[in-house]
**Q** 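First the structure, which I've put down as structure tokens, then a few questions once you've had a look.
Counting starts at 1 for both ligands and their atoms, in listed order. For reference, positions follow the sequence shown, starting with 1.
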Amino acid sequence: MGSTTRRSWMKTLGTAAAAFGMSRSVEAEINGYHTLATEDNRLGPVTPRDTVYQILTDRFYDGDTSNNDFEDFDSSLYDGSGEDLKLYQGGDWQGIIDKIPYLEEMGVTAVWISAPYDNRESKIEDYQDDGTVDVWTSYHGYHARNYFRTHRFFGGMQDFYAMRDALHNNGIKLVIDFVSNHTSRWRNPTKNNEPEEGELYEPDTDADGNYVFDENGDAVGENLLADPHDDVNGWFHGLGDRDGDSSKFGYRHKELGSLADFAHENGGVVDHLERATQFWKSKGIDGIRHDATLHMNPAFAKNLKTATDSSQGGPITHFGEFFISRPDPKYEEYRTFPDRTGINNLDFEFNRAATNAFGDFSETMSDFGDMLIKTHGDYTHEHQTITAVDNHDLTRFRYIQPNDKPYHAAIAALMTCRGTPKIYYGTEQYMNPGSSGANAGRLFMQTDSDFDTSTTAYQLISDLAQLRRDNLALAYGQTSILHSTDDVIVYERTFYDHVVVTAINRQPDQSESVPSVGTSLPDGSYGDYLSGDLYGQGISVDSGALDSFTLGGGEVSVWTASPDLGNAPKIGTTVSTMGQAGDSVHIYGSGLDGDVSVTFGGTPANVVSNSATRMTATVPDGPAGLVDVVVEKNGQTSNAAKYDILTDEPVQVIFHVEAETEPGETIHVVGDPPELGSWDALSGSESFMNPDYPEWFLPVSVPKDTTFEFKFVKIDESDNVTWESGSNRTFTSPTDSTETEDTPLYYWQS
Ligand code: NOJ
Ligand code: NOJ
Ligand code: CA
């Protein structure tokens with residue numbers, strides 16, 4: 001694709017359609033992988049058939065040296081040699097464009113890039129005990145300053161469009177990182193909390209109050225919008241660092257490393273951040289990775305997700321960073337976060353189990369299998385969790401596991417397990433910082449690797465990414481553990497007649513025999529899908545069982561059956577999993593072409609478009625709540641997928657109640673709308689926060705403009721429920737979804 005073509009495509013579709021929002025869907029077949037293109041040049045959400053590649057934009061490839069320095073920039077903050085990883089290295093959007101052939105050949109079908117908008121540029125100074133000062137920059141994009149201006153080290157808006165189009169034209173979806181928890185550090189914890197930046201800016205506005213952009217789509221002007229040092233409109237919590245406060249209130253209302261923490265209960269903040277995600281959606285992104293969801297108010301997160309997906313263009317992918325795994329008291333909060341917000345999790349539980357089983361061997365392969373079975377029960381949408389062995393906040397996996405055999409085995413497991421796999425840039429090049437820690441792992445790939453397409457890891461990812469597109473068991477299948485010991489695991493994925501069996505021995509130099517075990521693979525002989533690249537072998541299946549075999553040191557064998565699945569409708573997953581009447585939903589699976597109909601909780605829904613592997617429907621105006629989505633064709637009925645229908649556009653109401661409780665008891669609100677549990681106390685709100693006991697409060701997402709009935713309940717650790725006495729209370733929610741409203745302080749009716 002030459003740059004002329006790209007530019008003209010960008011002009012017609014990128015600016016006009018994205019800005020004015022046309023959304024007629026067109027089918028596109030790219031890389032042999034069925035995907036969706038819209039006229040606003042979006043490819044469609046990331047699905048479990050995709051392989052995601054995570055790029056720290058500054059750390060990938062410098063495709064445009066003109067944006068490495070600016071007249072008004074302190075050039076000592078640019079490095080470029082890959083030596084000082086606290087400084088800018090120069091990677092940018094042109095660099096991503098330059099490496100598209102490299103990504104494509106690796107089988108990558110989605111990239112997650114750094115937040116694309118303007119970040120703080122002043123240096124960040126960390127005073128050390130020995131009197132020296134470490135100087136840091138916002139190369140990573142986690143220091144938001146102006147959501148409507150591009151991060152100029154990555155490029156201007158035209159460069160963003162060019163990258164988007166180049167990716168999309170090669171079948172690669174675009175996910176951006178997005179930080180709605182905070183701006184940047186506003187006080188220096190290493191220097192007596194001395195004031196720093198943290199200010200939030202916005203572009204000029206026109207007479208109608210709309211932001212002004214020039215002919216290139218770049219923001220015009222810059223105006224102070226909110227200042228944590230002079231917080232006249234209450235946009236920030238301003239409560240200082242969380243430190244050791246592990247209460248829910250501490251996690252959500254206090255600061256993460258002194259980053260100015262947005263008050264998500266403030267309608268002005270809600271409105272601004274919803275406009276920001278919609279702005280980037282209108283630029284043709286396919287998904288958002290939400291930063292720091294562990295630290296956010298879930299009612300806000302749910303409403304942000306819903307507002308983004310209900311805007312022109314339909315649902316995009318949402319996954320977030322709820323940085324928790326077992327054993328942790330917040331595991332239950334982590335596990336249910338997708339159900340409460342519609343934002344999927346980055347699968348930190350998978351990450352813990354995988355790095356311990358394949359990395360330092362502190363857990364066994366049986367433990368790894370147990371995690372797969374437990375999370376199958378725990379997660380409502382297990383295929384949509386984003387799985388990984390490392391990321392930019394963790395020690396690079398290659399440092400943990402320098403031995404090729406278990407290293408490759410871990411990649412094979414990642415690519416064949418449930419979830420949507422994500423590869424951290426450089427994993428395919430064995431990039432190894434030689435030390436632990438997050439920043440050490442954020443190597444500059446341009447100076448640290450040769451982008452070699454012949455490495456075993458690169459080829460392995462490519463082969464298994466192809467299998468993920470071809471065999472629906474990897475994308476949508478159930479998991480069974482056929483056999484496991486401390487060092488060996490044999491697991492099977494099945495989606496109807498699609499079957500993939502993976503056999504792994506993590507020990508590099510020890511072989512282990514595996515007894516004959518039952519399998520869903522039909523009787524016959526199977527070659528190793530990886531053609532022996534990881535020392536694999538063929539196998540026979542007789543009378544429904546794999547022949548006994550011996551797994552050599554470091555062996556990974558993959559056996560597959562990918563027959564035609566026939567004509568009957570089968571659902572793999574849906575995107576999104578939550579929304580309101582009128583929202584569109586993509587239903588992915590098999591046999592979805594032809595004369596199909598679909599119901600949501602028994603209510604017929606309008607089918608907008610359909611093909612064999614994907615249909616798009618509109619959420620019907622039926623009863624709200626968690627319902628089954630079922631597709632029918634010629635009298636054949638599919639399996640069911642879960643979808644959460646919201647009563648209306650959600651809005652935040654902040655409930656307040658004074659109540660005395662016994663140790664172990666928590667306060668919750670329960671009411672008549674499904675959003676408040678339809679009077680089922682254990683399905684009502686999450687537990688309230690009590691920084692000022694006996695006062696409790698909680699921001700709750702309820703349908704807008706609705707008068708509803710509710711009561712408070714106490715729930716103890718054994719789920720015993722104590723209801724308030726007296727008659728039901730009522731409240732009327734705000735009419736506009738970005739408004740928020742506090743209830744009066746109620747008193748528990750004993
Ligand atoms: C989590 C991000 O992944 C991390 O890198 C960042 O520093 C913090 N959130 C704050 O945004
Ligand atoms: C059941 C509860 O016991 C009661 O207190 C509440 O008022 C009703 N549900 C709502 O109709
Ligand atoms: Ca550059």
**Q** Looking only at heavy atoms, is any part of His392 under 4.0 Å from ligand 1, and if so is it the side chain, the backbone, or both, or is it neither?
**A**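 Only the side chain of His392 comes within reach of ligand 1.
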**Q** Below a 4.0 angstrom heavy-atom separation, can you tell me which part of His295, side chain or backbone, both or neither, approaches ligand 1?
**A** neither
**Q** Please list, in number order, the atoms of ligand 1 under 4.0 Å from a heavy atom of Arg289.
**A** 3 (O)
**Q** Quick one: give me the number of protein N/O/S atoms under 3.0 Å from the Ca ion (ligand 3).
**A**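 Of the protein's nitrogen, oxygen and sulfur atoms, 6 lie under 3.0 Å from the Ca ion (ligand 3).
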**Q** I'd like to check which ligand 1 atoms, numbered from 1 as shown, lie under 4.0 Å from a non-hydrogen atom of Arg442.
**A**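 Atoms satisfying the 4.0 Å criterion: 5 (O).
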**Q** Mark yes when over 12 heavy atoms from residues, nucleotides or ligands other than Asn223 sit less than 6.0 Å from its CG; otherwise mark no.
**A**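 Yes - once you tally the heavy atoms of other residues, nucleotides and ligands closer than 6.0 Å, there are more than 12.
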**Q** Should Asp118 and Tyr147 be marked as a side-chain contact (heavy atoms from CB on, under 4.5 Å) after you check the CA-CA gap, both sets of side-chain angles, and the distance that decides it?
**A** CA-CA 6 Å; Asp118 182 40; Tyr147 290 102; over 6 Å; no
**Q** Checking ring-ring contact (aromatic ring centres under 6.0 Å, His included) against Tyr117, which of Tyr142, Phe148, Phe178 comes through?
**A**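 Option passing the ring-ring contact (aromatic ring centres under 6.0 Å, His included) with Tyr117: Phe178.
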**Q** Taking only non-hydrogen atoms of His182, do any sit less than 4.0 angstrom from ligand 1?
**A**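 Contact check His182 vs ligand 1: positive.
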**Q** Between the side chains of His143 and Ser138, is a donor N or O closer than 3.5 angstrom to an acceptor N or O?
**A**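 A donor-acceptor contact under 3.5 Å links the two side chains.
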**Q** Heavy atom under 4.0 Å from ligand 1: found in Arg185's side chain, backbone, both, or neither?
**A** neither
**Q** Under 3.5 Å, is there a donor on one side chain and an acceptor on the other for His318 and His290?
**A**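 Present: a donor and an acceptor within the cut-off.
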**Q** Would you tell me which option among Asp291, Thr293, Leu259, Leu394 has the nearest heavy-atom contact to atom 8 (C) of ligand 1?
**A**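 Ranked by closest heavy atom to atom 8 (C) of ligand 1, first place is Asp291.
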**Q** Which protein heavy atom lies closest to atom 5 (O) of ligand 1, and at what distance to 0.1 Å?
**A** Asp393 OD1, 2.6 Å
**Q** May I ask you to check whether Gln89 and Asp58 show a side-chain donor-acceptor distance below 3.5 Å?
**A**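 The criterion, which ignores hydrogens and geometry beyond distance, is not satisfied for Asp58 and Gln89.
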**Q** Quick check against the 3.5 Å criterion: does Lys283 have a side-chain atom that pairs as donor or acceptor with the backbone of Gln278?
**A**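 Looks like no, no N/O pair under 3.5 Å.
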**Q** Do Glu265 and His237 get their side chains close enough for a donor-acceptor pair, meaning under 3.5 Å?
**A** yes
**Q** Do Thr420 side-chain atoms and His383 backbone N/O form a donor-acceptor pair below 3.5 Å?
**A**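 Side chain of Thr420 to backbone of His383: a pair is present.
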**Q** Please list the nearest protein heavy atom to atom 7 (O) of ligand 1 with its residue and the distance rounded to 0.1 Å.
**A**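 For atom 7 (O) of ligand 1, the nearest protein heavy atom is Tyr142 CD1, 4.0 Å.
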**Q** Which atoms of ligand 1 have any heavy atom of Glu321 under 4.0 Å away?
**A** 1 (C), 2 (C), 3 (O), 9 (N)
**Q** Scan Tyr251, Phe337, Phe348 and name whichever one has a ring-ring contact (aromatic ring centres under 6.0 Å, His included) with Phe322.
**A** Phe337
**Q** Are side-chain N/O atoms of Tyr334 and Asp347 paired as donor and acceptor at under 3.5 Å?
**A** yes
